[in-house]
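Working notes for the structure below.
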Amino acid sequence: MNSSIADFVECRPHKRNLEEISDTSDSSKKLKSSWRSIKNENLDLSYMSSFLNRTEARDAFICLENEVEYFTGDLAKVRVFGKWHDLPRQQAAYGDRGLTYKFSGCTVPAISWVPTLLKLKTRIEDITGYQYNFCLVNRYRSGNDSMGEHRDDEAELDPKTPIASVSLGEPRDFIFRHQDSRSKNSVRKIAPVKMVLENGSLLLMNWPTNVYWFHSLPVRKKILGVRINLTFRRIIPK
DNA sequence: ATGCATCCAAGTTA
DNA sequence: GTAACTTGGATGCA
């Protein structure tokens, strides 16, 4: 790991300011223009496309490819409707000593932080003012890998600390759908919110997004490259 | 021909 | 007791 991830320093908004940050075209306000706010009924996202510059993102990607060890065996499988499937992605869980993560019925202990994850965690904490103690790593080997629609609403998560999602590698579509508008003939018609998660970007899913909105990373057959996603979370220790 | 959206399949768990 | 959770396959459409 070279030092580039640790070294970049730039003034960023503290969490108390995040509500005020909306966008965009005012190039004189560098601090504000780096965040895009995406809002809808009970949906509140803060998106920063250039959390990492190109070089930093490439370095972080390469380092993580060396440092992260993904689940194998039973932890890489899931049972759905009675049938066992390989997960359509690779997963790993890192965090503070003693923390556990509930995952498809299993309770997995977080393994101790690796350098690149720690550096990124520190940078996110500096930018947002929130504190994180856990990181779920999802690696999508190609556009055939995906994540089905779900909410991140586990009881053990601190609901007021937004999940901070870092994207590295191949850009991928990311889709939010409101819980009342998930099927074609649902009563309410709320359009899905679609976005692209770019290389080096940071997405904050602010409360109460994960109470009302499901999100997914759909299959995209034409995509051949790898995407690594890091979701930093705050787990309330038992 | 292919990608994509939609719907559906049950058994374990909170 | 009951509702939520998971993914892949079938289908229809563009």
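Chain letters run A, B, ... following the sequence lines, proteins first, then strands; residues in each count from 1.
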Whole-Å gap separating [atom2] ([N]) and [atom1] ([X]):
| X | N | atom1 | atom2 | answer |
| --- | --- | --- | --- | --- |
| A:F174 | B:dC4 | CZ | P | 17 Å |
| A:E154 | C:dA4 | CD | P | 16 Å |
| A:W84 | C:dT7 | CH2 | P | 13 Å |
| A:K222 | B:dT2 | NZ | P | 12 Å |
| A:K83 | B:dA10 | NZ | C1' | 11 Å |
| A:K77 | C:dG8 | NZ | P | 11 Å |
| A:L217 | C:dG8 | CG | P | 13 Å |
| A:I223 | B:dT2 | CD1 | P | 18 Å |

### Query
Is the closest side-chain heavy-atom distance between A:V137 and A:Y94 below 4.5 Å?
yes
### Message
Quick one, A:E125 and A:Y132 - any side-chain contact, counting heavy atoms below 4.5 Å?
### Response
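Counting from C-beta outward, A:E125 and A:Y132 do come under 4.5 Å.
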### Query
Hey, are A:R188 and A:D180 close enough for a salt bridge, meaning a charged N less than 4.0 Å from a carboxylate O?
yes
### Query
Would you call A:D173-A:R220 a salt bridge at under 4.0 Å N-O?
yes
### Output field: ring centroids A:F134/A:Y101 closer than 6.0 Å
yes
## Note on the structure
Listed range with range, the stems formed with DNA chain C by at least 3 consecutive Watson-Crick or G-U pairs (under 3.5 Å) are B:2-9 with C:7-14, B:11-14 with C:2-5
Enumerate, atom names and distances included, each donor-acceptor pair closer than 3.5 Å involving a side-chain atom of residues 149-157 of chain A, sequence neighbours excluded.
residue, atom, partner, partner atom, Å
A:E149, OE1, A:R182, NE, 3.0
A:E149, OE1, A:R182, NH2, 3.0
A:E149, OE2, A:R177, NE, 2.8
A:E149, OE2, A:R177, NH2, 3.2
A:H150, ND1, A:G148, O, 2.9
A:H150, ND1, A:H215, O, 3.4
A:H150, NE2, A:D152, OD1, 3.4
A:H150, NE2, A:H215, NE2, 3.2
A:R151, NH1, A:Q179, OE1, 3.0
A:R151, NH1, A:V211, O, 2.8
A:D152, OD2, A:H215, NE2, 3.2

Listed nucleotide nearest any side-chain atom of [X], set [options]:
| X | options | answer |
| --- | --- | --- |
| A:F214 | C:dT6, C:dC5, B:dG3 | C:dC5 |
| A:F81 | B:dA5, C:dC5, B:dA9 | B:dA9 |
| A:P88 | C:dT6, C:dC5, C:dT7 | C:dT7 |
| A:H85 | C:dG8, B:dA5, B:dC7 | C:dG8 |
| A:K194 | B:dA5, C:dC5, C:dT7 | B:dA5 |

Phosphate-side-chain proximity, [X] and [N], N/O vs OP1/OP2 below 4.0 Å:
| X | N | answer |
| --- | --- | --- |
| A:R79 | B:dA10 | no |
| A:R182 | C:dC5 | no |
| A:R151 | C:dA4 | no |
| A:R177 | B:dT6 | yes |

### Query
Just checking A:S183: base, sugar-phosphate only, or nothing, at a heavy-atom cut-off of under 4.0 Å?
sugar-phosphate
### Query
How is A:N144 classified with respect to the nucleic acid when contacts are heavy atoms under 4.0 Å: base, sugar-phosphate, or nothing?
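The answer is nothing, as A:N144 stays clear of every strand by at least 4.0 Å.
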### Atom NZ of A:K222: over 12 foreign heavy atoms under 6.0 Å
no
### Task
Could you walk me through whether A:L75 and A:Y70 pass the side-chain contact (heavy atoms from CB on, under 4.5 Å) test, one step at a time?
CA-CA 9 Å; A:L75 289 177; A:Y70 294 94; over 6 Å; no
